[in-house]
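Below is one structure; the comments refer to it alone.
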Amino acid sequence: MVMLAGSTGLRRSEMFALRWSDINFFTMEVAVTRSCVRNRFGAVKTEASGKPVPLHQSICDVLAEWRGESDYKAESDFLFPSLRKNGEQPLMPDMVLKKTIRPALVRAGITGKVIGWHSFRHSLATNLRSLGVDVKIAQELLRHANSRTTMDLYTHAVSADKRSASERQIELFLA
């Protein structure tokens, strides 16, 4: 779940609404066709949100392994089903954070940070910027309606990038 969120930047409402039929292992894509908020299903946030999301081969491999281990592996089953609800509903995102992800962060020694599902989207955007990925590509990967959202709200300058910019500016200043 964390690998999928971190590599795709799916919104939590999109990720928890996914069914196995939404995963195309052949084209290595996720079809984002619905969202789920408090077990109410609806449309995705924007038209751009409904575009397919590419998957890396390693993520496909992990998902295939997960499907093989799951009791709910039919095309119509949720990727992340609630066992308490006999797979009829997806897991509750806040409970996954509370019971699994945040305790794992503490065990890893990561403290003092508030981590939520949206943290994965922001991290992806920041990492894409750090890698020098074109803003239009980042916008499309995050499925934002416009690039301004990607640049102004989702990417954060990485300290190494700040240092590099500062060094280049000083070199110009001293030249």
Worked verdict on Val32 versus Asp22 for side-chain contact (heavy atoms from CB on, under 4.5 Å): CA-CA 7 Å; Val32 182; Asp22 298 322; over 6 Å; no

Verdict with reasoning, Leu91 to Met1, per side-chain contact (heavy atoms from CB on, under 4.5 Å): CA-CA 11 Å; Leu91 289 169; Met1 189 182 299; 3.9 Å; yes

Steps toward side-chain contact (heavy atoms from CB on, under 4.5 Å) verdict (Leu79, Leu4): CA-CA 11 Å; Leu79 257 67; Leu4 183 63; 4.2 Å; yes

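Ring pair Trp20/Phe25 is parallel by interplanar angle, where below 30° counts as parallel and above 60° as perpendicular.
No cation-pi contact links Arg34 to Phe41, judged by a cut-off of 6.0 Å to the six-membered ring centre and 45° from its axis.
Two residues are said to be in side-chain contact when any heavy atoms from C-beta on lie closer than 4.5 Å; Ile101 and Trp117 meet this criterion.
Here the side chain of Ser35 pairs no donor or acceptor atom with the backbone of Ser13 at under 3.5 angstrom.
Interatomic distance, Arg12 CZ to Ser119 OG, rounded to the nearest 0.5 Å: 11.5 Å. Interatomic distance, Ile137 CD1 to Leu131 CG, rounded to the nearest 0.5 Å: 13.5 Å. Rounding to the nearest 0.5 Å gives a distance of 7.0 Å between CZ of Phe80 and CG of Leu18.
Side-chain contact of Asp61 with Ser58: a donor-acceptor pair under 3.5 Å is absent, judged by distance alone. In summary, the side chains of Glu29 and Asn24 do not present any donor paired with an acceptor at a separation below 3.5 Å, with no hydrogens or angles considered.
Of all heavy-atom pairs between Lys73 and Gly68, the closest is NZ-O, 2.9 Å.
Residues Glu88 and Lys85 are not paired through a salt bridge, judged by the lack of any N-O separation under 4.0 Å between the basic side chain and the carboxylate.
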